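Encoded as structure tokens, the structure appears first; notes follow it.
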Amino acid sequence: MPSRWTMSTRTDQGPRHHMADAAHHAGRLAWAVADGVGDDYEPALAADMAVMAAPYAAVTGGAARGIAAARATLKDYYRGAPPSQVGDCVMVTAAPMPERVGGGWDFAWVGDCRAYVLQRGGLRQVTEDHTEGEAMRGWKDPYWATIAHAYDHIVTRTVLGDETIASARIVGPVERVMLCSDGVSKVVPAPDIERILTADIHPRHATRALIAAARSHRSGTDNIAVTVIAPRTP
């Protein structure tokens, strides 16, 4: 049966020494984006292994099952390895829910890869970053909120760690879904993301525009992986 979804995924290494962001999908039935923790070979390998494992498990078991499968893959691969040779990553997964139960999307994540949805014409960030900076903002203290941005790069949950896998479900029709690494989300302002996703363009043009927007900023030097998904039109 052909997929109900059309999509585009793009990656861009930028000036980093290693391409440690990755994205993959399972027959346009589930998707994953991962970001290796660090600019080195092992984080890049960990991200690649994670996205190859997660979407296939998410097809039948849901988005959180996808991340659990990625975690099992990394734990098995790195079992017995010295700490200096162990890679890790953060990631987000997404899978559409069956129309027979009302439709919508199932998401799961660890770390600061993000998921956004465009629903009823408005942009909504589904995920909440697992970072020291985000935790500081949650303390509701003006002092810590002022310096929180300096700690946004320190993640508090990863695929290889044993932290809880966060999940969320968005019920009802969704016009677009975007999964991305922080090479997009921490550089491109939310209004610019919304402008691109609401434009009447194919996902392949949206992903190209998102990368261009990230690279237009002075701080846009990180690896990028971004996926945009939309319902297939007749």
Side-chain angles (χ1 to χ4, degrees), residues 1-10 22-35 47 50-73 89-130 157-159 163-181 184-185 190 193-194 196-204 206-207 210 225-234:
M1 179 181 296
S3 171
R4 295 184 291 116
W5 310 99
T6 185
M7 52 82 66
S8 172
T9 290
R10 291 184 191 274
H24 194 57
H25 66 92
R28 300 192 183 190
L29 298 173
W31 290 260
V33 164
D35 182 353
V51 297
M52 294 303 292
Y56 298 98
V59 169
T60 56
R65 176 68 178 275
I67 293 183
R71 178 170 287 173
T73 297
C89 64
V90 296
M91 76 182 309
V92 60
T93 56
M97 296 188 291
E99 290 293 324
R100 66 178 182 276
V101 296
W105 282 78
D106 182 30
F107 299 93
W109 70 99
V110 286
D112 58 355
C113 286
R114 288 186 185 177
Y116 295 83
V117 297
L118 191 67
Q119 192 171 40
R120 293 184 288 276
L123 183 69
R124 176 178 177 184
Q125 181 181 326
V126 178
T127 55
E128 179 178 332
D129 294 347
H130 299 141
R157 302 189 198 184
T158 65
V159 172
E163 301 90 359
T164 301
I165 297 169
S167 63
R169 287 180 174 178
I170 303 299
V171 179
V174 168
E175 289 94 62
R176 296 215 170 182
V177 172
M178 184 181 99
L179 309 179
C180 67
S181 62
V184 170
S185 60
I193 294 176
E194 183 169 18
I196 292 169
L197 292 183
T198 54
D200 186 20
I201 56 177
H202 190 276
R204 67 176 174 270
T207 54
L210 287 160
V226 59
T227 294
V228 174
I229 308 156
R232 184 181 295 277
T233 55

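On a predicted model such as this, the values are computed, not experimentally measured, just so you know. Numbering of residues begins at 1 and proceeds along the displayed sequence.
Going from atom OG of Ser181 over to atom CZ of Arg114 covers 11.0 Å, rounded to the nearest 0.5 Å. Separating the CG atom in Leu197 from the CG atom in Leu210 is a distance of 6.0 Å, to the nearest 0.5 Å. To the nearest 0.5 Å, atoms CZ (Arg157) and CG (Asp129) are separated by 11.5 Å. In this structure, Arg124 CZ and Met178 CE are separated by 15.0 Å, a value rounded to the nearest 0.5 Å. Summarising the geometry, atom OG1 belonging to Thr93 is positioned 8.0 Å from atom CG belonging to Leu179; distances are rounded to the nearest 0.5 Å. For the atom pair OG1 (Thr127) and CZ (Phe107), the distance works out to 9.0 Å, reported to the nearest 0.5 Å.
Counting heavy-atom neighbours within 6.0 Å of Gln125 CD, excluding the residue itself, gives a total above 12.
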Test log, rule side-chain contact (heavy atoms from CB on, under 4.5 Å), inputs Trp5 and Val177
CA-CA 10 Å; Trp5 310 99; Val177 172; over 6 Å; no

Just do the side-chain contact (heavy atoms from CB on, under 4.5 Å) check on Val90 and His130 with the steps written out, would you?
CA-CA 9 Å; Val90 296; His130 299 141; over 6 Å; no

Derivation of the side-chain contact (heavy atoms from CB on, under 4.5 Å) call for His25 and Thr227:
CA-CA 10 Å; His25 66 92; Thr227 294; over 6 Å; no

Go through it in stages, so that I can follow the logic: the residues are Thr6 and Arg28, the test is side-chain contact (heavy atoms from CB on, under 4.5 Å), and I'd like the CA-CA distance, side-chain angles, deciding distance and then a yes or no.
CA-CA 8 Å; Thr6 185; Arg28 300 192 183 190; 4.2 Å; yes

Sequence neighbours excluded and cut-off under 3.5 Å, please list the side-chain donor-acceptor pairs for residues 61-71, or say none.
| from | atom 1 | to | atom 2 | distance (Å) |
| --- | --- | --- | --- | --- |
| Arg71 | NE | Val159 | O | 2.5 |
| Arg71 | NE | Gly161 | O | 2.7 |
| Arg71 | NH1 | Gly161 | O | 3.4 |
| Arg71 | NH1 | Glu163 | O | 3.1 |
| Arg71 | NH2 | Thr158 | O | 3.1 |
| Arg71 | NH2 | Gly161 | O | 2.9 |
| Arg71 | NH2 | Glu163 | O | 3.2 |

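Taking both residues in full, the closest heavy atoms of Arg176 and Ala206 are given as NH1-CB, 3.9 Å, listed atom of the first, atom of the second, then distance. Annotation for Arg4 and Pro96: closest pair NH2-CB, 4.2 Å, computed over non-hydrogen atoms. Counting all heavy atoms, side chain and backbone alike, Thr198 lies closest to Gly121 at CG2-O, 3.9 Å. Heavy atoms only, all atoms of each residue included: Pro173 and Gln119 are closest at O-NE2, 3.1 Å. Between Cys180 and Val226 the shortest heavy-atom distance is CB-CG2, 4.1 Å. Nearest heavy atoms, Ile170 versus Met97: O-CE, 3.7 Å.
For the side chain to side chain contact (heavy atoms under 4.5 Å, CB included) with Trp105, the lone residue among Val171, Ile229, Val126 that qualifies is Ile229.
Not a single donor-acceptor pair under 3.5 Å links the side chain of Glu194 to the backbone N or O of Gly122.
Counting only residues at least two apart or in different chains, side chain to side chain donor-acceptor pair (under 3.5 Å) contacts with residues 54-63 comprise His24-Tyr56.
With sequence neighbours left out, the side-chain hydrogen bond (donor to acceptor under 3.5 Å, both in side chains) criterion links Ser185 to no other residue.
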